[in-house]
Amino acid sequence: QVQVVESGGGLVTVGESRRLSCVVSGNIWRVFDMAWYRQAPGKEREWLATIREDGPSNYAPNVKGRFTIFRDNANNTVSLQMANLAPEDTAVYYCRADVRGAPQLATKTYWGQGTQVTVSS
């Protein structure tokens with residue numbers, strides 16, 4: 001069994017920064033891609049950024065240059081540093097991890113429960 005738990009959400013003022021964190025734990029052999037998504041009220045879940053196990057990352061155009069994704073493979077964590085937040089960044093932020101429990105097992109995708117970020121003026 002694998003658990004994915006996000007933290008770091010809360011109420012933020014416009015223009016401020018916030019760092020979200022996500023810990024993956026449980027029956028883990030390797031964690032491959034890790035990613036962040038968000039879902040605003042009434043909208044579909046939106047992909048924000050992905051980081052590969054070996055480090056390369058890519059971003060959605062609307063957050064590139066403002067959000068930074070990084071990971072700590074030793075602790076199976078991934079973080080999202082968000083800068084210059086605006087009201088349209090208000091959403092529930094989700095972490096996704098692609099995990100293999102053992103070399104002979106298939107890679108599975110796991111999601112966290114999400115953490116709410118609310119940006120107010």
Smallest separation among heavy atoms of [X] and [Y], with atom names:
{"X": "G114", "Y": "V92", "answer": "CA-CG1, 3.8 Å"}
{"X": "V14", "Y": "P87", "answer": "CG2-CD, 3.6 Å"}
{"X": "P41", "Y": "T90", "answer": "CD-O, 4.4 Å"}
{"X": "V24", "Y": "A97", "answer": "CG2-CB, 3.7 Å"}
{"X": "R38", "Y": "L48", "answer": "NE-CD2, 3.6 Å"}
{"X": "S21", "Y": "S79", "answer": "OG-OG, 3.5 Å"}

Measure the spacing between [atom1] of [X] and [atom2] of [Y] and express it to the nearest 0.5 Å.
{"X": "D33", "Y": "E53", "atom1": "CG", "atom2": "CD", "result": "9.0 Å"}
{"X": "Q3", "Y": "I28", "atom1": "CD", "atom2": "CD1", "result": "8.0 Å"}
{"X": "R96", "Y": "Y37", "atom1": "CZ", "atom2": "OH", "result": "4.0 Å"}
{"X": "Y93", "Y": "S7", "atom1": "OH", "atom2": "OG", "result": "15.0 Å"}
{"X": "S25", "Y": "N75", "atom1": "OG", "atom2": "CG", "result": "11.5 Å"}
{"X": "F32", "Y": "R52", "atom1": "CZ", "atom2": "CZ", "result": "11.0 Å"}

Do [X] and [Y] touch side chain to side chain, with heavy atoms closer than 4.5 Å?
{"X": "E6", "Y": "W36", "value": "yes"}
{"X": "W29", "Y": "Q104", "value": "no"}
{"X": "Y110", "Y": "V31", "value": "no"}
{"X": "I69", "Y": "T50", "value": "no"}
{"X": "M34", "Y": "I51", "value": "yes"}

What pairs with V23 under side chain to side chain contact (heavy atoms under 4.5 Å, CB included), at least two apart in sequence or on another chain? T77
Does the R45 side chain pair with the main chain of Q39, one donor and one acceptor, at a distance under 3.5 Å?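 No; zero donor-acceptor contacts below 3.5 Å.
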Please determine, by modelled atom types, if T118 and Q116 share a side-chain donor-acceptor pair under 3.5 angstrom. yes
Is it true that the side chains of N62 and E46 contain a donor and an acceptor less than 3.5 Å apart?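 Yes.
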Going by the angle between their ring planes, with limits at 30° and 60°, are W111 and Y94 parallel, tilted or perpendicular?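 The arrangement is perpendicular - the two ring planes meet at more than 60°.
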Determine whether W47 and V78 fall in the same hydrophobic cluster, where Ile, Leu, Val, Met, Phe, Trp and Tyr are linked whenever their side-chain heavy atoms lie under 4.5 Å apart.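 No: no chain of side-chain contacts under 4.5 Å links W47 to V78.
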In terms of side-chain geometry, is the basic nitrogen of R18 or D89 positioned less than 4.0 Å from the acidic oxygen of its partner?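 Result for this pair is no, no salt bridge flagged.
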Apply the test side-chain contact (heavy atoms from CB on, under 4.5 Å) to residues N27 and Q1: give CA-CA distance (whole Å), side-chain angles for both, the deciding distance (0.1 Å), then the verdict. CA-CA 6 Å; N27 187 23; Q1 190 74 327; 5.9 Å; no
